[in-house]
Amino acid sequence: VALVESGGGSVQPGGSLRLSCVASGLAFNKYSIGWFRQAPKKYEEPIACIARNLSNTNYADSVKGRFTIDRDNVKNTVYLQMNNLKPDDTAVYYCAAGYERCLMTESGVEYWGKGTLVTVDS
């Protein structure tokens, strides 16, 4: 099983990035997917999730209204569109797969990706 994130990089405040997470080796449409992030010297934070059949999404208050999660079960891919980025969004972003209805807890994670770095700085 592999989850591979991409799309990270450096961007100025107010900018946008779109992260992708491509899954292989698992029955993708049987898993909900969550995005987590870990900023320097901070605990890991769940930020968004999407149910396996796209029926439900959820967002952390810190990103609500700025980030959008979506998935394509044909391409085995989950996306995280991030708009109006702020310096506090600087972190390594991880996608994860689990059996929870909408994966927003570390205890529910079955598989982790290795992460992609997002830096927001002027």
Side-chain angles (χ1 to χ4, degrees):
V1 174
L3 300 175
V4 180
E5 303 93 336
S6 63
S10 296
V11 64
Q12 293 186 339
S16 297
L17 285 173
R18 188 191 195 204
L19 305 184
S20 298
C21 170
V22 179
S24 60
L26 77 169
F28 183 71
N29 61 0
K30 296 189 184 301
Y31 290 86
S32 68
I33 302 295
W35 283 98
F36 298 74
R37 69 184 180 186
Q38 188 164 22
K41 301 182 181 179
K42 292 188 178 180
Y43 291 108
E44 200 161 61
E45 174 190 18
I47 56 171
C49 67
I50 187 164
R52 60 184 183 179
N53 59 359
L54 291 80
S55 62
N56 186 45
T57 59
N58 196 15
Y59 299 91
D61 288 343
S62 57
V63 305
K64 200 171 291 185
R66 300 187 297 122
F67 290 12
T68 303
I69 190 170
D70 199 2
R71 68 188 290 165
D72 184 332
N73 283 348
V74 174
K75 296 182 178 180
N76 285 7
T77 302
V78 172
Y79 305 98
L80 186 68
Q81 178 67 41
M82 307 188 296
N83 297 329
N84 190 21
L85 283 161
K86 305 175 181 181
D88 283 351
D89 295 318
T90 295
V92 178
Y93 285 71
Y94 301 89
C95 66
Y99 290 117
E100 291 184 359
R101 184 167 181 264
C102 201
L103 182 61
M104 288 284 275
T105 63
E106 292 183 43
S107 61
V109 173
E110 298 287 328
Y111 305 106
W112 287 99
K114 294 187 181 299
T116 185
L117 177 63
V118 172
T119 302
V120 185
D121 192 354
S122 55

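For the pair K42/R37, no side-chain contact is recorded, criterion being any heavy-atom separation below 4.5 Å from C-beta on. At least one side-chain heavy atom of V109 sits under 4.5 Å from a side-chain heavy atom of F36. Put simply, the side chain of V1 does not reach to within 4.5 Å of the side chain of E110, judged on heavy atoms. Side chains of V4 and T116 form no contact here, defined as non-hydrogen atoms less than 4.5 Å apart.
Side chain to side chain, N53 and S55 meet the donor-acceptor criterion of an N or O pair below 3.5 Å.
For the pair A60 and P46, the tightest heavy-atom approach, listed with the atom from each and the gap, is CB-O, 3.5 Å. Closest approach of W112 to A96, counting heavy atoms only: CE3-CB, 3.8 Å. For W35 against S20, the heavy-atom pair with the smallest separation is CH2-O, 3.7 Å. N73 and R71 make their closest contact through OD1-NE, 2.7 Å (heavy atoms, listed as atom of the first residue, atom of the second, distance). Counting all heavy atoms, side chain and backbone alike, A97 lies closest to L26 at CB-CD1, 4.2 Å. Closest approach of A39 and T90 over heavy atoms only: CB-O, 3.4 Å.
Taking CZ of R18 as the reference point, atom CE of M82 lies at 11.5 Å (rounded to 0.5 Å). Between Q12 atom CD and L85 atom CG the span is 11.5 Å, to the nearest 0.5 Å. Separating the OG1 atom in T77 from the CG atom in L19 is a distance of 12.5 Å, to the nearest 0.5 Å. To the nearest 0.5 Å, atoms CZ (R101) and CG (N58) are separated by 10.0 Å. Taken from OH in Y99 to OH in Y31, the straight-line distance is 3.0 Å, to the nearest 0.5 Å. Once rounded to the nearest 0.5 Å, the distance linking CD1 of I50 with CG of L103 reads 12.0 Å.
Put simply, the side chain of S32 gets close to the backbone of E100: a donor and an acceptor are under 3.5 Å apart. Side-chain N or O atoms of E44 include none that pairs as donor or acceptor with a backbone N or O of Q38 at under 3.5 Å. Y59 places a side-chain N or O within donor-acceptor distance of the main-chain N or O of I69, the cut-off being under 3.5 Å.
Taking the six-membered ring where tryptophan is involved, the planes of F67 and Y93 are tilted, since the angle between them lies from 30° to 60°.
Both V78 and L17 are assigned to one and the same hydrophobic cluster, defined by single-linkage of ILVMFWY side chains at heavy-atom distances under 4.5 Å.
Using a 4.0 Å cut-off between charged nitrogen and carboxylate oxygen, D61 and K64 count as a salt-bridge pair.
Partner of L80 under the side chain to side chain contact (heavy atoms under 4.5 Å, CB included) criterion, out of T68, I47, I33, V63: I47 alone.
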